[in-house]
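Down below is the structure, laid out as structure tokens.
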Amino acid sequence: MTPPRNSNAARDIAYALHPYTDHKAHLQNGPLVISRGKGVRVFDEQGKEYIESVAGLWCASLGFDNERLVQAAADQMRKLPFYHAFTAKSHEPLIDLSEMLIERAPSPMSKVFFANSGSEANDSAIKMIWYMNNAIGRPEKKKIIARLKGYHGITLAAASLTGLPANHKLFDLPLSGFHHISTPHHYHNAQPGESEEDFATRLAEELEQKILAEGPETVAAFWAEPIMGAGGVILPPAGYFPKIQAVLKKYDVLFVADEVICGFWRTGSYWGSQTLGIQPDILVCAKALSASYLPISAVMVSEQVFQGIAEGSSSVGTWGHGFTYSGHPVPAAVAIETLKIYDEMDIGGHVKRVGAHMQAQLRARFADHPLVGEVRGTGLIGAIELVADKATKTNFDPGQKVGGRLTKLGEENGVILRAMTNDSIGFSPPLIITEEEVDEMLNRVAKSLDEVMVQVRRESIAAV
């Protein structure tokens with residue numbers, strides 16, 4: 001149905017270019033226009049209420065109406081609305097936030113660089129590694145290995161790290177020097193009878209063979225999310241990261257932990273790295289750093305990486321990288337207040353309690369559902385994967401858009417969902433969600449899933 005002329009939806013169709021959108025379909029269907037938020041809920045311009053099951057884009061950790069964050073932004077705008085960090089300039093919010101992040105790091109870190117998004121942060125980390133290796137006399141050590149289904153952003157280099165087809169097709173990506181190894185998803189990729197430990201061993205051997213094939217002297221870094229987010233909320237098999245890190249250490253390859261989704265208690269620990277036993281050389285974070293009230297991201301680097309940057313900047317005369325808004329005082333002030341709120345309300349303890357409830361309820365409600373092949377997750381991040389045949393783990397044909405149908409029915413039933421690769425439906429609600437709100441959210445999901453099952457039975461496209 002074409003939206004009414006001069007409505008917000010019609011004006012959106014006329015003027016806006018949306019990320020991650022089928023624009024031909026958008027011309028016909030228009031947007032869902034959200035006008036306000038409160039707690040874990042958002043409301044459209046007609047006043048209809050929705051539970052935000054993915055916290056927007058995995059990011060609105062403190063919900064949609066935290067007055068302390070609003071006040072922190074207003075106070076900082078009155079005091080110092082902007083200053084930059086170029087040429088050794090600084091300001092108190094940048095200094096305070098840098099100190100707070102170093103104190104909270106999951107492994108020893110030396111310095112913090114600020115950007116505006118996870119994509120910019122990952123791009124910055126790539127440049128840091130290349131710069132460091134040039135500065136210390138290893139100009140050939142530049143190749144980077146990431147994983148299929150990993151997500152690290154959408155700028156040219158970050159999208160090259162990302163291992164999803166939609167981020168490469170028609171963009172002439174990935175750039176040269178970026179390589180991908182297997183997705184650590186036991187459900188789909190393990191061999192018959194292969195245990196998680198054996199699967200993890202095989203994946204570590206694959207990484208080692210890749211490094212040897214490329215030449216260890218040419219491989220600079222390995223990139224990984226502790227838990228894959230946009231690739232489908234994929235948890236690694238038991239023993240995976242210790243085995244991977246042993247290979248990286250053997251060949252002097254840096255480990256970059258992309259904590260853009262997993263950081264700040266999402267997995268039940270402050271960092272996903274702590275949940276999964278990772279000791280990164282570089283850590284990238286964003287999203288929940290400011291509860292996404294304002295754009296800010298950070299790259300924490302080890303002393304080894306910093307010394308390489310320092311050496312290079314001395315020889316060149318400057319470190320020629322940075323953004324106008326690197327460490328902008330207003331987002332930095334909001335991030336400081338966000339970290340204080342996490343500490344004061346013991347958000348980690350809350351996530352452990354409510355996350356355990358959400359994980360139990362996901363499995364109790366959906367593990368035996370005819371359309372659900374796997375339920376996975378930890379803390380307040382999870383997923384259900386829809387399949388056409390549970391016995392064979394066969395996914396639906398992408399053209400049938402079963403995940404998309406579920407998200408649309410979810411909107412009709414008052415829950416905003418996220419469909420990802422293989423019709424995996426992700427859950428990453430605001431960290432402040434209560435057990436009662438989890439139950440209400442999953443009630444709406446269950447109703448929507450049963451409605452999808454009626455459709456696929458009618459069309460005979462599932463073994464149900």
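Remember, predicted model here, so these are calculated numbers, not experimental data.
Note on residues 280-291: no pairs pass side chain to side chain donor-acceptor pair (under 3.5 Å), not counting sequence neighbours. Counting only residues at least two apart or in different chains, salt bridge (charged side-chain N to carboxylate O under 4.0 Å, His left out) contacts with residues 52-80 comprise Lys38-Asp65, Arg68-Glu337, Arg68-Glu344, Asp75-Arg78, Lys79-Glu92. Applying the side chain to side chain donor-acceptor pair (under 3.5 Å) test to pairs two or more places apart or on separate chains, those with a residue in residues 316-325 are Ser124-His321, Lys127-His321. Legend: ring-ring contact (aromatic ring centres under 6.0 Å, His included) pairs involving residues 331-360, not counting sequence neighbours: none detected. Pairs of residues two or more places apart, or lying in two chains, that qualify as side chain to side chain donor-acceptor pair (under 3.5 Å) and include a residue from residues 155-167 are Tyr20-Asn167, Asp123-Thr155. Among pairs with a residue in residues 249-260, those fulfilling salt bridge (charged side-chain N to carboxylate O under 4.0 Å, His left out) read Arg138-Asp252, Glu208-Lys250, at least two apart in sequence or across chains.
Partners of Lys352 according to the side-chain contact (heavy atoms from CB on, under 4.5 Å) rule, which considers only residues two or more places apart in sequence or in another chain, are Trp265. A search for side-chain contact (heavy atoms from CB on, under 4.5 Å) contacts involving Asp346 returns nothing, not counting sequence neighbours. Qualifying side-chain contact (heavy atoms from CB on, under 4.5 Å) partners for Glu205, counting only residues two or more places apart in sequence or in other chains: Thr201. Take Lys142 and apply the salt bridge (Lys or Arg N to Asp or Glu O under 4.0 Å) test, not counting sequence neighbours, and it matches no residue. Applying the side-chain contact (heavy atoms from CB on, under 4.5 Å) criterion to Ala333, with sequence neighbours excluded, gives Gln76. Under the ring pair (Phe, Tyr, Trp, His ring centres under 6.0 Å) criterion, His91 pairs with no residue at all, not counting sequence neighbours.
For the pair Thr267 (side chain) and Gly379 (backbone), a donor-acceptor distance under 3.5 Å is absent. In terms of modelled atom types and a separation under 3.5 Å, the side chain of Lys141 and the main chain of Val219 share a donor-acceptor contact. Judged by distance alone, the side chain of Ser53 and the main-chain N or O of Pro429 form no donor-acceptor pair under 3.5 Å. No donor-acceptor pair under 3.5 Å is formed between the side chain of Asp12 and the backbone N or O of Ala16. Counting only distance, with no hydrogens or angles, the side chain of His84 and the backbone of Gly327 share no donor-acceptor pair below 3.5 Å. Between the side chain of Ser424 and the backbone N or O of Met420, no donor-acceptor pair lies under 3.5 Å. Proximity of a side-chain donor or acceptor of Asn122 to a complementary backbone N or O of His152 within less than 3.5 Å is detected. No side-chain donor-acceptor contact under 3.5 Å links Ser326 to the backbone of Gly322.
Using a 4.5 Å heavy-atom cutoff, the side chains of Trp58 and Ser292 are not in contact. At least one side-chain heavy atom of Phe264 sits under 4.5 Å from a side-chain heavy atom of Tyr270. Using a 4.5 Å heavy-atom cutoff, the side chains of Met345 and Leu62 are in contact. Taking the side chain as every heavy atom from C-beta outward, Met358 and Val351 never approach each other to under 4.5 Å. Two residues are said to be in side-chain contact when any heavy atoms from C-beta on lie closer than 4.5 Å; Phe427 and Leu442 meet this criterion. Considering only heavy atoms from C-beta on, Trp271 comes within 4.5 Å of Leu283 through its side chain. Residues Thr407 and Arg418 fail the side-chain proximity criterion, which asks for heavy atoms closer than 4.5 Å. Within the 4.5 Å cutoff, the side chain of Pro93 has heavy atoms near those of the Ile336 side chain.
Between the side chains of Gln307 and Glu303, at least one donor N or O sits under 3.5 Å from an acceptor N or O.
Atom NZ of Lys89 has more than 12 heavy atoms from other residues, nucleotides or ligands within 6.0 Å. In the displayed structure, Phe82 atom CZ is contacted under 6.0 Å by more than 12 heavy atoms of other residues, nucleotides or ligands. Around NZ of Lys340, the count of heavy atoms belonging to other residues, nucleotides or ligands within 6.0 Å does not exceed 12. For Glu311, the CD atom sits in a loose shell: 12 or fewer heavy atoms of surrounding residues, nucleotides or ligands are nearer than 6.0 Å.
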request  = Could you give me the CA-CA distance, side-chain angles and deciding distance for His328 and Asn116, then say whether side-chain hydrogen bond (donor to acceptor under 3.5 Å, both in side chains) is met?
outcome  = CA-CA 9 Å; His328 190 295; Asn116 309 290; over 6 Å; no

task = Run the numbers on Glu385 and Arg376 for salt bridge (Lys or Arg N to Asp or Glu O under 4.0 Å), then give the verdict.
result = CA-CA 9 Å; Glu385 182 173 330; Arg376 48 188 182 261; 2.9 Å; yes

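For the atom pair Phe222 CZ and Ile181 CD1, the distance stands at 4.5 Å (nearest 0.5 Å). The line from SG of Cys59 to CD1 of Ile261 is 9.0 Å long, rounded to the nearest 0.5 Å. Atom-to-atom distance recorded for Gln274:CD and Gln279:CD is 9.0 Å, nearest 0.5 angstrom. With values rounded to the nearest 0.5 angstrom, Glu374 atom CD is found 15.0 Å from Phe366 atom CZ. With rounding to the nearest 0.5 Å, the separation of CD1 in Ile234 from CZ in Arg147 is 8.5 Å. Residue Ile145 holds its CD1 atom at 5.0 Å from CD1 of Ile211, rounded to the nearest 0.5 Å.
A salt bridge is defined here as a Lys NZ or Arg NE, NH1 or NH2 lying under 4.0 Å from an Asp or Glu carboxylate O, and Glu206 with Arg202 fails to meet this definition.
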